[in-house]
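Everything on this sheet refers to the single structure shown next.
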Amino acid sequence: MPVAQGMQMKLRHPVGVWLGLPLITLGIYHLVWYYKIHKELAHFDRRRVVPVAGPMLVLLFLSWTLVAPMISYFRTGKRIAEGQRAAGLPVTCSAGIGLLLMFVFGLGTLYYQLELNKVVNSYGDAPVGTPISLYV
């Protein structure tokens, strides 16, 4: 039974997010993608506090520390899992796996987008920004 409403997120091609657009933009698209998914997660479930610009700024200004981006990527996986839960889906996103995959050719981006797409697909063909029902 639905308990709240949120906004539909955008369906993105995982390979385009992981490899195509970052190559074309010399890596800048990764920061854009990271900002956009956090913004969409914040609008998707307003019951949870999701930082929007902070995670992207961590990658931009604190990537030299290595620890700060690792924490940010891990927390992103947790937020995606919360989104799956709110959509009434079984939680399949693992923050640990996502973090580890970031060290293997940046595959964490591909993994996280695949997991986000499960949430988007669970609402059918609802256009981006359409009000949708949330659970839990």
Side-chain angles (χ1 to χ4, degrees):
M1 172 181 261
V3 295
Q5 279 203 327
M7 303 294 263
Q8 174 68 308
M9 295 184 287
K10 183 176 181 175
L11 184 69
R12 292 180 175 86
H13 194 286
V15 176
V17 165
W18 166 63
L19 192 60
L21 290 169
L23 278 176
I24 293 169
T25 63
L26 303 176
I28 293 171
Y29 182 76
H30 180 73
L31 297 172
V32 172
W33 170 80
Y34 207 58
Y35 171 81
K36 285 183 174 187
I37 65 166
H38 282 86
K39 183 177 178 183
E40 290 173 7
L41 283 166
H43 291 290
F44 173 73
D45 189 355
R46 293 190 175 147
R47 298 172 295 177
R48 292 177 176 79
V49 176
V50 176
V52 176
M56 186 270 307
L57 293 173
V58 165
L59 296 188
L60 186 62
F61 295 116
L62 297 176
S63 59
W64 60 273
T65 66
L66 297 181
V67 174
M70 288 173 38
I71 292 169
S72 182
Y73 283 132
F74 185 82
R75 288 182 178 165
T76 298
K78 292 286 191 187
R79 290 181 192 110
I80 294 169
E82 289 172 359
Q84 290 176 333
R85 192 173 294 109
L89 297 171
V91 176
T92 58
C93 184
S94 167
I97 291 173
L99 175 62
L100 289 174
L101 286 173
M102 287 298 180
F103 293 103
V104 182
F105 305 114
L107 286 170
T109 303
L110 178 80
Y111 173 72
Y112 281 158
Q113 189 59 57
L114 284 167
E115 295 298 323
L116 278 168
N117 284 350
K118 290 178 184 178
V119 176
V120 176
N121 289 331
S122 72
Y123 292 101
D125 293 332
V128 177
T130 301
I132 42 102
S133 298
L134 300 176
Y135 302 88
V136 183

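Fair warning: this is a prediction, and the values are worked out from it, not measured in the lab.
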In this structure, would L59 and F74 fall into the same cluster of hydrophobic residues linked by side-chain contacts under 4.5 Å?
yes

Can you tell me how far apart CG (L26) and CG (L21) are? Round to the nearest 0.5 Å.
12.0 Å

Note: L114 and P14 closest approach over all heavy atoms is CD2-CG, 3.4 Å

Does any pair with a residue in residues 42-69 pass side-chain hydrogen bond (donor to acceptor under 3.5 Å, both in side chains), and if so which ones, sequence neighbours excluded?
H43-R46, D45-R47, D45-R48

Honestly curious: do V32 and V50 fall in one hydrophobic cluster under the side-chain, below-4.5 Å linking rule?
yes

What orientation do H30 and Y34 show, parallel under 30°, tilted 30 to 60°, or perpendicular over 60°?
parallel

Assigning hydrophobic clusters by single linkage (Ile, Leu, Val, Met, Phe, Trp, Tyr; side-chain heavy-atom cutoff under 4.5 Å), is M102 placed with F61?
yes

Measuring from atom CG of N121 to atom CE of M9, what distance do you get when rounded to the nearest 0.5 angstrom?
10.0 Å

Under 4.5 Å between side-chain heavy atoms, counting indirect links through other Ile/Leu/Val/Met/Phe/Trp/Tyr residues: same cluster for L31 and L107 or not?
yes

Spacing of CG belonging to L57 relative to CG belonging to L62, to within rounding of 0.5 Å:
9.0 Å

Can you check whether S72's main-chain N or O pairs, donor with acceptor, with T76's side chain at less than 3.5 Å?
yes

Approximate separation, where rounding is to 0.5 Å, of F44 CZ and L116 CG
9.5 Å

Counting only pairs under 3.5 Å, give me each side-chain donor-acceptor contact of residues 125-133, with atom names and distances, residues two or more places apart or in other chains.
residue, atom, partner, partner atom, Å
T130, OG1, P127, O, 2.7

Tell me the salt bridge (charged side-chain N to carboxylate O under 4.0 Å, His left out) pairs involving residues 87-102, sequence neighbours left out?
none

For the pair R79 and Y112, evaluate side-chain contact (heavy atoms from CB on, under 4.5 Å) and give the outcome as yes or no after the intermediate values.
CA-CA 10 Å; R79 290 181 192 110; Y112 281 158; over 6 Å; no

Would you say the side-chain atoms of N117 pair up with the backbone N or O of R12, donor to acceptor, closer than 3.5 Å?
yes

Donor-acceptor pairs are to be reported for all side-chain atoms of residues 89-101 against protein atoms at under 3.5 Å, with residues two or more places apart or in another chain.
residue, atom, partner, partner atom, Å
T92, OG1, Q84, NE2, 3.2
T92, OG1, E115, OE1, 2.5
T92, OG1, K118, NZ, 3.0
S94, OG, G96, N, 3.4
S94, OG, I97, N, 3.2

Without swapping roles, check the side chain of Y29 against the backbone of G20 for a donor-acceptor pair under 3.5 Å.
no

Do the side chains of W18 and V104 join up, straight or via other hydrophobic residues, at under 4.5 Å, putting them in one cluster?
yes

Applying side-chain contact (heavy atoms from CB on, under 4.5 Å), can you list everything that pairs with V52, at least two apart in sequence or on another chain?
Y35, K39, A42

Donor-acceptor contact below 3.5 Å, side chain Q113 vs main chain H13
no

Does I37 reach the side chain of K10, with side-chain heavy atoms less than 4.5 Å apart?
no

Between L110 and V15, does the side-chain contact (heavy atoms from CB on, under 4.5 Å) criterion hold? Intermediate values first, please.
CA-CA 6 Å; L110 178 80; V15 176; 4.1 Å; yes

Which Ile, Leu, Val, Met, Phe, Trp or Tyr residues join Y135 in one cluster when any pair of side-chain heavy atoms under 4.5 Å counts as a link?
V136

